[in-house]
Each structure stands twice: as structure tokens, then as C-alpha cells.
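A quick write-up on the structure given underneath.
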Amino acid sequence: MILYFEVHSFTDHVFHGNPAGVCPLDQWIDDELMQKIAKENGLSETAFFVPSKDGFDLRWFTPTMEVDLCGHATLASAFVLFEHLDYEGEMIVFHTQSGDLMVSKQGSAIVMDFPSRPATRVDAPDHLVNALNCELSDVYKARDYMVVLETEEAVRNLNPNFSELEQLNCTGVIVTAPGEEVDFVSRFFAPMAGIPEDPVTGSAHCTLTPYWAAVLGATDLAARQISERGGELACRLDDDRVQIAGRAVLYSRGFLNID
């Protein structure tokens with residue numbers, strides 16, 4: 001059996017934020033089995049970690065694929081270690097496909113140190129235009145496409161065509177605008193990764209933060225992902241790194257019977 005947690009990230013209330021599965025392991029299990037567990041969980045991400053010499057090796061799976069970076073499942077993994085597995089250090093080092101990620105606890109928040117992923121301006125591909133069915137004048141690309149709209153209301157009212165989004169050669173699509181009560185808002189769509197709309201996407205803020213820092217002339221930014229569940233993030237641009245802070249809450253704890 002495998003110890004299993006479900007944590008709701010970027011919130012302090014259950015049924016909000018982004019749910020992530022977390023599986024602490026003594027040693028790695030087969031990749032195929034991790035993918036089956038993630039598919040069975042049906043959450044946007046399931047994280048698996050094992051102890052290493054100076055931290056933990058960490059991997060993330062959507063229901064259909066392994067990804068190279070995930071914010072909310074990293075936050076959830078750190079939350080499980082700090083709050084439920086008696087981790088006593090001040091800093092956790094996660095070794096990942098995106099390099100070493102440093103995570104610390106500061107008060108009630110967990111702060112993650114991620115790589116910055118600035119985007120460059122590109123022409124909007126036809127599938128993106130057809131999917132969003134709105135005026136696309138500001139389109140950028142890093143790992144994901146990023147579309148900048150004029151208002152929070154425009155982002156909130158989007159109703160994408162997911163079959164068109166699935167044709168794009170990327171992990172996901174970020175749509176963002178200036179916020180009414182925060183510095184910026186966003187939504188994130190990734191049907192190509194088995195996630196029609198991700199509730200709160202930490203990794204997207206590796207691209208959002210450098211963009212809005214340049215636009216607003218500030219390095220400390222308050223962000224909100226305005227999905228149905230919603231979530232709050234505090235972001236800081238620090239040279240080629242992005243600090244992303246948020247809270248988390250435990251929803252469930254149990255065991256996976258995979259024998």
C-alpha cells in the first residue's frame with residue numbers, strides 16, 4: 001500500500017484552490033504505475049517523491065502524462081512534509097526535471113523558488129484563434145502560450161473550444177489581464193495534458209510574473225487565478241527566479257491499495 005494525501009493548494013479552505021494528490025515513497029515505483037495512479041485519481045496533478053541524500057526527488061503526473069514543472073503539487077508535497085510527516089528542516093530541496101526547487105515555510109504560507117520562464121511575442125496560431133474566439137493582439141510563448149486580454153471580465157467570460165486547444169503543440173494556454181482587486185488575474189487551459197481547465201497553476205506564474213513585473217514596474221505582485229475554484233498567489237521576481245507563495249489545506253489522508 002502507498003500512503004496518500006489529497007491537498008488543496010493556494011487556498012486555506014477545502015473545495016477551493018487546486019487539489020493535488022501526494023504519494024510519499026521509500027523508493028521509486030514503475031513509471032507506468034505512477035501514471036495509472038494519476039489517471040485513477042483524476043486530479044490535475046499527482047506528485048510522487050522519494051528521499052535523496054540532501055532532499056527529495058520529485059515528479060508530477062497529470063492523468064495522461066508526466067510534466068516538467070508543477071506549482072500546486074510542489075506546494076502540496078511541501079505541505080505534507082512540513083505538516084504531516086514531521087519534516088524538521090527550514091528548507092526542503094526538491095530535485096526535479098526543472099532543476100532544484102527550494103521550498104520554505106514562512107508563517108502560514110509556503111514559498112517556492114522556481115525558474116523564471118519569460119515569454120516572447122509570437123503570432124497567434126489558427127487553432128488558438130479558433131479556440132478563444134476573441135481579438136488576439138498580445139500573444140506570447142514560453143512553455144505555454146500566453147494571451148493577454150484587456151480586462152478581468154474578458155478573462156472570466158472566456159468559453160474556449162477545447163477540441164481546438166488540443167491541436168496546439170504546447171502544455172497549456174494561459175489567459176491573463178490586469179486584475180480589479182489584485183495586480184493580475186489568469187486562467188489556464190491544458191486539454192492537451194488531460195486538464196481542460198486547471199484551477200490554480202503555479203508553473204504558469206513562472207511566465208506571468210516576469211511579464212507583469214515588466215508591465216507594472218514592480219517585483220512583488222498579488223495574483224488570482226479566476227477559475228471556478230479560484231486561488232491566491234503572491235509572486236516575486238528575483239532575477240531569473242520567481243518566488244511563488246501560497247497556503248494549503250489537507251482534504252484527505254489514506255492509503256492506495258495497489259497490490
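Residues take their numbers from the sequence shown, with the count starting at 1.
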Hphob cluster co-occupancy, Leu256 + Phe48, side-chain heavy atoms under 4.5 angstrom = yes
Ser227/Arg187 under side-chain contact (heavy atoms from CB on, under 4.5 Å): CA gap, chis, key distance, verdict = CA-CA 6 Å; Ser227 62; Arg187 293 172 69 186; 5.5 Å; no
inquiry  = Any heavy-atom pair between the side chains of Val93 and Leu101 that's under 4.5 Å?
reply    = no
key: Distance, nearest 0.5 Å, that separates SG of Cys235 from CE of Met112   = 9.0 Å
request  = Classify the side-chain pair Thr74/Trp60 by whether it contains a donor and acceptor separated by less than 3.5 Å.
outcome  = yes
task = Answer yes if Val80 and Tyr4 sit in the same cluster of Ile, Leu, Val, Met, Phe, Trp and Tyr residues linked by side chain heavy atoms under 4.5 Å apart, and no otherwise.
result = no
ask   = For the atom pair CG (Asn133) and CG (Asn159), what is the distance rounded to the nearest 0.5 Å?
value = 9.5 Å
Evaluation steps, side-chain contact (heavy atoms from CB on, under 4.5 Å), between Leu3 and Arg253 = CA-CA 8 Å; Leu3 183 61; Arg253 173 175 178 162; 4.1 Å; yes
Asp183 side chain to Ala222 backbone, donor-acceptor under 3.5 Å = yes
query = Would you find more than 12 non-hydrogen atoms of other residues, nucleotides or ligands less than 6.0 Å from Lys141 atom NZ?
reply = yes
task = Check whether any side-chain N or O of Thr176 sits under 3.5 Å from a backbone N or O of Ser186 as a donor-acceptor pair, and report yes or no.
result = no
inquiry  = Quick check for you: to the nearest 0.5 Å, what is the distance between Arg229 atom CZ and His13 atom NE2?
reply    = 12.5 Å
ask   = Under 3.5 Å, is there a donor-acceptor pair between the side chain of Glu164 and the main chain of Asn130?
value = no
inquiry  = I'd like to check Thr62 versus Glu45 (side-chain heavy atoms, cut-off strictly below 4.5 Å). Are they in contact?
reply    = yes
remark   = Residues Ala78 and Val103: closest non-hydrogen pair is CB-CG1, 3.5 Å
ask   = Would you find more than 12 non-hydrogen atoms of other residues, nucleotides or ligands less than 6.0 Å from Asn161 atom CG?
value = yes
task = Return yes when atom CG of Asp54 has more than 12 non-hydrogen atoms of other residues, nucleotides or ligands closer than 6.0 Å, and no otherwise.
result = yes
Electrostatic pair Glu40:Lys36 at N-O distance under 4.0 angstrom = no
query = Does Tyr87 reach the main-chain N or O of Met91 with its side chain, forming a donor-acceptor pair under 3.5 Å?
reply = yes
query = Side chains of Glu135 and Glu150: does their closest heavy-atom pair fall under 4.5 Å?
reply = no
request  = Return yes when atom CD of Gln167 has more than 12 non-hydrogen atoms of other residues, nucleotides or ligands closer than 6.0 Å, and no otherwise.
outcome  = yes
message = Quick check on the hydrophobic clustering: are Leu75 and Leu81 connected, directly or via other members, by side-chain heavy-atom contacts under 4.5 Å?
response = yes
note = In short, Ala119 meets Thr207 closest at the heavy-atom pair CB-CG2, 3.7 Å
task = Keeping the roles fixed (side chain from Thr219, backbone from Arg236), state whether a donor-acceptor pair exists under 3.5 Å.
result = no
message = Please give me the minimum heavy-atom distance between Gln225 and Asp198, naming the atom from each residue.
response = NE2-O, 3.1 Å
note = CG (Asp26) and CD1 (Ile2) are apart, to the nearest 0.5 Å, by 10.0 Å
ask   = Do the side chain of Thr209 and the main chain of Val242 share a donor and acceptor less than 3.5 angstrom apart?
value = no
ask   = Quick one: does Leu165's side chain get under 4.5 Å of Phe162's, heavy atoms only?
value = yes
query = Is the side chain of Gln35 donor-acceptor paired with the backbone N or O of Pro63 at a distance under 3.5 Å, no angle test?
reply = yes
inquiry  = Less than 6.0 angstrom separating the ring centers of Phe79 and His84, yes or no?
reply    = yes
ask   = Parallel, tilted or perpendicular: which describes the rings of Phe184 and Trp212, with under 30° parallel and over 60° perpendicular?
value = parallel
query = Do Val139 and Val122 come within less than 4.5 Å of each other through their side chains, counting heavy atoms only?
reply = yes
query = Is there a chain of hydrophobic side chains (I, L, V, M, F, W, Y, each step under 4.5 Å between heavy atoms) that links Tyr145 to Val185?
reply = yes
task = Using only heavy-atom distances, determine whether the side chains of Ser44 and Asn18 contain a donor-acceptor pair under 3.5 Å.
result = yes
task = Report yes or no: do Ser203 and Arg143 form a side-chain donor-acceptor pair below 3.5 Å?
result = yes
query = What are the two closest non-hydrogen atoms of Glu90 and Phe82, and how far apart are they?
reply = O-CZ, 4.1 Å
query = Has Asp126 got more than 12 heavy atoms of other residues, nucleotides or ligands less than 6.0 Å from its CG?
reply = no
ask   = Mind checking whether Leu237 and Met146 sit in one hydrophobic cluster, side chains of I, L, V, M, F, W, Y counted as touching below 4.5 Å?
value = no
request  = Answer yes or no: are there more than 12 heavy-atom neighbours, outside Asp123 itself, under 6.0 Å from its atom CG?
outcome  = no
inquiry  = Go through it in stages, so that I can follow the logic: the residues are Leu43 and Glu6, the test is side-chain contact (heavy atoms from CB on, under 4.5 Å), and I'd like the CA-CA distance, side-chain angles, deciding distance and then a yes or no.
reply    = CA-CA 9 Å; Leu43 303 174; Glu6 182 177 321; 4.0 Å; yes
task = Run through Asp68, Asp31, Thr46 and flag the one making a side chain to side chain donor-acceptor pair (under 3.5 Å) with Arg59.
result = Asp31
Contacts of Phe15 that satisfy ring-ring contact (aromatic ring centres under 6.0 Å, His included) - sequence neighbours left out = Tyr251
query = Closest heavy-atom contact between Ser98 and Leu69?
reply = OG-CB, 3.6 Å
request  = Give, for atom OG of Ser77 and atom CD1 of Ile92, the distance between the pair rounded to the nearest 0.5 Å.
outcome  = 8.5 Å
ask   = For Thr201, does its backbone N or O pair with a side-chain atom of His205 as donor and acceptor, under 3.5 Å?
value = yes
query = Hey, is the main chain of Met34 close enough, under 3.5 Å, to the side chain of Glu66 for a donor-acceptor pair?
reply = no
inquiry  = Would you say that more than 12 heavy atoms from the other residues, nucleotides or ligands in this model lie under 6.0 Å from the CZ of Arg241, or not?
reply    = yes
ask   = If every non-hydrogen atom of Leu233 is compared with every non-hydrogen atom of Gly202, which pair is closest and at what distance?
value = CD2-CA, 4.3 Å
task = Please test Val200 against Phe188 for side-chain contact (heavy atoms from CB on, under 4.5 Å), starting from the C-alpha separation and ending with a verdict.
result = CA-CA 8 Å; Val200 195; Phe188 186 82; over 6 Å; no
task = Side-chain contact test, heavy atoms from C-beta onward, threshold under 4.5 Å: evaluate it for Phe56 versus Pro24 and give yes or no.
result = no
